[in-house]
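Letters go in sequence order (proteins before strands), and every chain restarts at 1.
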Amino acid sequence: MPQALAEVSDKPQGTARPASRAPRSTPAARTVLVRAAAVLVLLGVWQLLALAGFWPPVILPGPVQVWDQLLITSDAANGQGGYAGSTLLERLGVSLRRVGYGSAYGILIGVVLGLVMGLVPLVRAVTEPAVTFLRALPPLAYLSLLVIWFGIDEEPKVYLLMIAAFPPVAVATATAVTGVNRQYVEAAQALGASRGHVIASVILPASAPEIITGVRLAVGIAYSSVVAAETVNGADGIGGMVLNAQRYNQTSVVILGLFVIGITGLLIDTAIVGVQRALSPWRGLV
Amino acid sequence: MSVTRRSVLSLLALGPVLAACGVGGSSSSGSGSQRVVRIAYQNFADSTLLVKDQATLEKALPDHKITWTSFDSGASINTAFLGGAIDLAVIGSSPTAQALCPPLNIPYKVIELLNVIGDSEALVARKASGVTAITDLVGRKVAAPFGSTSHYSLLAALQQAGVDPGAVTLVDLEPQNIQAAWQRGDIDAAYVWTPVLSVLQQDGVTLTDSAKLAAAGKPTLTFTVARTEFLDANRDVVDKWLEATNRAIGLVKTDPGVVAEAVSRQIGSSKEDAIAQLKQNIYLDHAEQRAPEYFGTKESPGKLADRLRDAAQFLHGQKKIESVPELETFRAALIAPGAVDGK
Amino acid sequence: MASDATALADLVDVEHGYRTKAGAVPALGPIDLRVDPGEFLVVVGPSGSGKSTLLRLIAGFERPTAGDVLRLGGTPVPGRDVGVVFQQPRLFPWQTVAGNIGAALRWADVPKPDRSRRTAELLAAVGLAELGPRRTWEISGGQQQRVAIARALAARPKLLLMDEPFAALDALTRERLQEDVRSLTDDAGQGVVFVTHSVDEAVFLASRIIVLTDRPGRIALDVPITLPRKGISADELRGSPEYAAFRGEIAAAVRATVS
């Protein structure tokens with residue numbers, strides 16, 4: 001408040017903010033409505049295109065057919081246990097578990113490595129090219145190696161997702177740690193904080209918002225890599241379903257799988273943004 | 001050799017296929033001054049690669065534009081046919097059967113039997129697993145590339161031996177991953193094709209192969225299929241194709257070295273590998289294809305339609321097609337090579 | 001100046017400069033300065049006179065390019081024997097108000113059972129007893145600086161260093177905080193080094209004032225301020241003729257440095 005006069009002097013700064021936040025809920029509701037309407041319009045256009053029959057339904061099934069597949073593949077008692085032995089929900093669970101483990105390991109490695117990279121310039125100089133290198137590799141390219149090393153069960157899939165997930169976290173953490181305001185570190189040092197205290201109680205919490213942004217990226221990449229991971233003995237996952245359906249020109253199942261992956265991915269991302277708000281409410285305020 | 005082998009990239013291949021479909025309608029053959037012939041092939045050792053390598057068709061049809069497009073799997077070839085992007089294709093019996101059934105109902109005809117898959121695909125068990133017969137596979141892990149001819153043959157072999165497929169743990173793996181899993185001891189057996197098959201056989205027991213299954217009435221086959229509309233409008237082109245492939249099939253038997261050289265140039269393998277792979281299949285010239293075992297004649301149709309219907313029934317059991325049409329539908333989709341050949 | 005007790009801070013022949021592309025730029029010195037227990041030393045000087053540098057040398061954030069700096073007889077390193085209050089409160093936004101003080105107590109090795117009581121005491125001492133659970137950005141700038149002072153006092157440092165702590169605050173808040181700081185730091189034995197460019201603030205707070213020259217800063221004036229520290233209200237003090245006399249003397253000295 002640079003031009004504040006004496007009489008408005010000691011007013012808590014925070015009071016202005018909840019006030020400015022409150023009226024935002026109405027536009028937010030409108031945004032949701034606009035988005036819902038946009039989705040409905042897209043679905044309508046899609047259905048019309050499908051009905052118009054420019055392409056055979058095997059190439060472009062309509063939303064109704066995809067919805068039918070949703071019902072069929074969710075039905076465990078349909079004679080093939082959903083789709084090829086597992087229901088959609090079971091498949092989603094299997095894939096989410098893989099993404100969960102892969103992301104968790106990837107995030108752990110990424111935060112630790114990124115922290116060291118951010119704190120020790122030498123380590124950063126050495127590891128940054130390697131991390132960038134890994135980041136540039138398409139997961140399918142190293143899947144065969146993982147199979148040779150770790151077999152065909154859960155390990156290569158989880159490791160693939162881990163390798164896909166950790167670089168964005170490492171890079172985000174390293175950047176955040178390097179960018180932590182020196183003033184906080186000095187303040188902590190002057191209060192008697194040891195190096196360990198400074199890392200645990202200043203650098204990590206100060207970097208948290210950016211680390212979580214890295215985590216968002218990582219989980220997104222891991223989720224989008226699940227189809228690649230499930231090309232090897234992954235027929236029980238949602239990616240395995242997409243691959244299997246693609247092999248038999250079951251386009252509506254392919255589209256269903258993509259929608260399930262996309263929508264759950266969106267939900268997961270929203271959840272992470274929620275965690276970010278809860279963990280670092282000061283973001284953008286300080 | 002397998003006809004529906006796919007690479008791990010097959011999903012990625014769907015994009016270009018769809019893109020090709022988008023422009024497929026406008027570039028169909030017959031339009032414009034220069035007629036276009038679009039051929040789909042797959043990268044495995046076969047006599048048709050000699051036709052491609054020697055540009056036989058291009059020389060025979062100088063006023064035509066011939067394009068050869070490589071596909072990873074029969075499924076993606078079927079997708080391309082749906083979009084009208086392909087006129088002729090080299091494709092396996094399993095995807096062909098699927099294409100002839102609803103919902104795909106692709107309007108194409110089987111015009112030629114390029115080969116019968118022999119011992120180039122086999123079911124092998126690891127020596128260390130102690131498995132010596134198909135019945136020993138109960139409770140074991142058996143790998144095959146799903147959706148391939150090997151997958152079909154594996155299930156046919158289990159059925160023949162009276163083993164419930166549900167009692168066996170089936171694992172979907174690409175050939176190179178089958179090799180890795182085999183060496184690590186993650187799987188007990190695999191139904192796969194060469195060259196991975198040869199590696200597995202070094203420390204494995206061959207339980208059965210596709211030649212034996214073919215003899216027992218469960219053959220897996222490679223066809224040439226032609227888009228019906230194209231076939232009706234371009235008999236001359238199809239005749240040239242059949243002439244060229246029949247000559248190539250003959251050469252596989254009489255002078256395999258020439259064919260192997262062409263194959264090795266086209267798929268980048270060694271000449272020895274190419275010869276070995278070629279020899280593992282059974283090749284029939286057009287006269288032999290008209291035998292009652294295969295196409296037969298118009299008056300007395302051969303067994304080929306029954307074989308396709310068998311494959312369709314297998315797919316129906318897997319819920320990959322909606323229903324299995326009557327035998328007549330399959331018969332109508334078969335045109336014995338002599339019938340268009342005119343010889 | 002001579003005293004038998006260990007000086008809180010002792011600077012001998014200290015010089016400090018900064019390296020730039022154009023070469024070394026001298027910022028401070030040579031300077032000799034001794035701060036004794038119980039002293040409230042205010043450093044006044046124009047911008048660029050090296051006031052903050054002097055403070056950072058004593059705090060241990062920087063090492064002098066020449067001469068020796070001793071704090072409590074040893075080489076200064078940032079730590080809990082010195083409290084530092086910066087111009088910006090530098091509160092940790094990921095902690096609540098109480099959490100900021102709790103962290104300082106933890107780093108000062110105050111046993112866990114005592115921390116909440118000490119936190120309450122410290123907040124009460126700066127008049128913010130009820131603000132413990134609040135977020136740091138929800139309170140005013142003046143309140144934030146009070147929390148920063150409470151946090152700096154958490155480890156009961158022998159020496160408190162304050163670097164223009166009220167410069168960013170409005171006039172009313174600044175005066176209130178000056179009064180609080182004047183009474184807070186009357187502890188026996190505790191010393192304060194307080195940097196400001198405000199002559200009024202200096203005369204009101206100090207028991208001793210040094211005026212630094214323009215860059216590189218040297219001591220232009222070093223005077224004890226003999227105004228009463230107890231038994232007089234702030235308004236009475238500010239209105240007294242002695243206050244005006246000191247104010248005039250210091251202001252003249254500051255003006256002389258920039259002429």
(message) Please identify, among C/W107, C/F86, C/F92, the residue contributing the most non-hydrogen atom pairs under 4.5 Å to chain A.
(response) C/W107
(request) Examine distances only and state if a side-chain atom of C/W94 and a backbone atom of A/A208 form a donor-acceptor pair shorter than 3.5 Å. (result) no
(message) Is C/A152 in contact with chain A via its backbone, its side chain, both, or neither, using a 4.5 Å heavy-atom distance?
(response) backbone
(message) Which atoms of C/A104 are under 4.5 Å from chain A, going by heavy atoms: the side chain, the backbone, both sets, or neither?
(response) both
(request) Please report the shortest heavy-atom distance between C/F61 and A/Q189, naming the atom on each side. (result) CE2-OE1, 4.1 Å
(request) Report, as yes or no, whether the 6.0 Å neighbourhood of atom CG on C/D114 holds more than 12 heavy atoms from other residues, nucleotides or ligands. (result) yes
(request) Could you look at C/Q88 and say if it's the side chain, the backbone, both or neither that has a heavy atom under 4.5 Å from chain A? (result) side chain
(request) Check the surroundings of atom CG in A/L279: do more than 12 heavy atoms from other residues, nucleotides or ligands lie under 6.0 Å from it? (result) yes
(message) Between C/R56 and chain A, with a heavy-atom cut-off of 4.5 Å, which part of the residue counts as in contact: side chain, backbone, both or neither?
(response) side chain
(request) Can you measure from OG (A/S201) to CZ (C/R106) and round to the nearest 0.5 angstrom? (result) 4.0 Å
(message) With heavy-atom distances below 4.5 Å as the criterion, would you say the side chains of C/P78 and A/E186 are in contact?
(response) no
(message) Quick check against the 3.5 Å criterion: does C/R90 have a side-chain atom that pairs as donor or acceptor with the backbone of A/Q183?
(response) yes
(message) For C/R151, which atoms come within 4.5 Å of any heavy atom of chain A: side chain, backbone, both, or neither?
(response) both
(message) I'd like to know whether CZ of A/R97 has more than 12 heavy-atom contacts from other residues, nucleotides or ligands below 6.0 angstrom.
(response) yes
